[in-house]
Amino acid sequence: MDIVGVNKYIFGAPIETDAVTADIDGSEGNVRFVDVSDDKTVLTCKLGKSDKIYGLGEAVRGINKRGWIYETYCTDDPMHTETKRSLYGAHPFVVVDGESVFGLFVDYPDKIVFDVGYTKTNELKITVGAPDYTLYVIEGDTPEEIIKRFRSMIGQSYIAPFWAFGFQQSRWSYYTSKDVRGIIDGYRKNGFPLDAVYLDIDYMEDFKDFTVSTERFPNFKEFVSKVKEENIHLVPIIDAGVKMEDGYCVYDEGKQNGYFCKDKDGNDFIAAVWPGKVCFPDFLNEEASDWFGMKYKTLIDLGIDGFWNDMNEPAIFYSEKRLADALEKVVSYRGKNLGIYDFFGLKDVVLGLSNSYEDYSSMYHNMGGRKICHNRVHNLFGSRMTRSASNAFRKIAPDKNILMFSRASYIGMHRCSGIWMGDNQSWWSHIKLNLQMLPSLNMCGFLYTGADMVGFGDNCTEELALRWLALGIFNPLMRNHSALGTRDQEFFRFENKEAFKNLLSLRYALIPYLYSEYIKAVKNDELMFRPLAFAFRGDKFAEACEDQLMVGESIMIAPVYEPNAIGRNVYIPEDGMTEVRFKSPMQYEIKEVAKGHRFVEIADDEVVIYIRKGKALPLVKPASCTAELDLDTVSFIGTPDEGFAYTLYVEKGAENGESIIEEKVICP
Ligand code: GLC
């Protein structure tokens, strides 16, 4: 079938990734906009001086990706500094917006290097690992038109359950049911809203997937059901590696049935993660994948209705073989006077143990009877793990929409799951990175997403927590998560409890709007978070704006992301916007503002947003959880045009594993 504006070019013998759902005929002849090297591994495009490049999903740096070199390669790396080239997800879709406007999707499941005006300032150079891939060239008048075409090619994005728009609290780890109880009480007794608490790896017995420690979580089923009565969902983590332990049924079954990834000699590939030695289920083998998916039933039967899949790049601490070589090398340094080369050599031996390319090269999959080296399909591993769960959910509990999000991802997984932005840090720069990744991820189909609010690694401050919360309330996945050993950062622990409570309540007042705008973005293949550059094309200030976003049809956000700030510069892109200064959902000031630059004072207990001229923002009365929101009583603020009507989406149960969603048109 021809899709208007899309040309598909097949090079070599690509591995089926399942990223594209539309049935598109291959094109013959020269590739438009792109020079293809003779060996087909290098694609180059000339860039005009002010051309902008968008896309690449989960990546460091700005919304406009120009001026850096990126790699689409699922990578377990918690140091998201601006010098990094890849993060956990691999999303090889870019849009060039300049003298020519076009999009490129390079559908290839291993590493691709995107040199976006880095080596040569006027060139986009894409280097694909092997000449076996499918290239889609997408045309359109504007980046948004191209994105919409691309999104319609890759299929409708995942719809999370409504409760998953509530606030969720996590930490590595809440070790016991008593700890979890303490967290729920901490929120509820202080009058803060809350919908979910996360169970990190320590809920398990010795880090074994699909087990629950009976010592730390006695009567787990009762516990899950008791907190469910209080409208709290417990969300356990599932890791990709299965502990090697005879007698542990997941390991035994996997081993007996040959469901694990193999080494080159056909033995189970052994690596180490949290529990020590593990085997990796071969998610590229349909049978193995179906088997693993059905394992989630153990926890679903205990009342669980949400999961997060982790360490599925896959993250490897070390492989047996590599550890043996490394230990031998380390011993060889004994007694030496370690100078520059030896000392750094020694360090490299130890640091190079994890996530090594050599290990990935010695791991094999069985894809429909074909033995495929992991290095050819690396970016599919986490996606397939997640798809296996999502497929199984429909069979296990068709009457529920079970929450699922993953750390690793490839385009295509956006149809069955969300993602979180991985192990960030409690750094001010990561508030801005959170904001900038939202539109880039939306471009690649990932709409249910958010960063670990307040930062995963490192210690936060109260001021950082408040400022991050002021952005976090707009993230579809609104989760406060932090790493082992870091300062406690649950919101009720801070001094200015009132401010945290007010901002959390504001989230709940906004949920019907956020959910509706999310559903619209899903249904229409559009962005929920739009760069100002897209909304106000031709306005050079809007086009250069990297720290404000349009959220849905009605509002613009401009959060503060610097310490000790009294406010920030805001660019108002059109006349007649309404500035709303929220202290709480009930307490706000409104004023009309004119187009232009202005410094806006914003205290750390306030959220300032802007409503577009002619539009209105629906709000509901906040509640302590999503189940208690009164969605029938909606009020509006803003300056709606005459005849303005708002399309609200409301979840009414689930069937076939998906939410049933009702559409309602309401007027101010
Ligand atoms: C990984 C995850 C993080 C989790 C930790 C322990 O680092 O990204 O979210 O807390 O593992 O399971």
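Numbering of residues begins at 1 and proceeds along the displayed sequence. We count ligands from 1, going down the list as the structure has it; atoms in each ligand are counted the same way.
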At a 4.0 Å threshold, what atoms of ligand 1 neighbour a non-hydrogen atom of Trp308?
9 (O)
For Asp310 and ligand 1, does the shortest N/O to N/O distance drop below 3.5 Å?
yes
Counting from 1, what ligand 1 atoms have a heavy atom of His481 closer than 4.0 Å?
3 (C), 4 (C), 9 (O), 10 (O)
Which ligand 1 atoms does Ile237 reach within 4.0 Å, using its non-hydrogen atoms?
12 (O)
What protein heavy atom lies closest to atom 8 (O) of ligand 1? Include the residue and the distance to one decimal.
Asp423 OD1, 2.5 Å
Give a yes/no verdict on a cation-pi contact between Arg479 and Tyr198, requiring under 6.0 Å between NZ or CZ and the six-membered ring centre and an angle within 45° of the axis.
yes
Salt bridge flag under 4.0 Å for residues Asp18 and Arg387:
yes
Is Lys295 salt-bridged to Asp209, cutoff N-O under 4.0 Å?
no
Mind checking whether Tyr88 contacts ligand 1 via backbone (N, CA, C, O), side chain (CB onward), both or neither, at a 4.0 Å heavy-atom cut-off?
neither
Between Phe381 and His365, what is the ring plane arrangement, given parallel below 30°, perpendicular above 60°, and tilted in between?
tilted
Looking at Trp428, is Arg467 sitting on its ring face, NZ or CZ under 6.0 Å from the six-membered ring centre and within 45 degrees of the normal?
no
Contacting atoms of ligand 1, where contact means under 4.0 angstrom from a heavy atom of Asp200:
4 (C), 6 (C), 10 (O), 12 (O)
Between Arg407 and Asp310, does any NZ, NE, NH1 or NH2 come within less than 4.0 Å of an OD or OE carboxylate oxygen?
yes
Element-labelled atoms of ligand 1 that are located less than 4.0 Å from some non-hydrogen atom of Trp420
8 (O), 9 (O)
The atoms of ligand 1 lying under 4.0 Å from a heavy atom of Arg407, numbered in the order shown, are 1 (C), 2 (C), 7 (O), 8 (O)
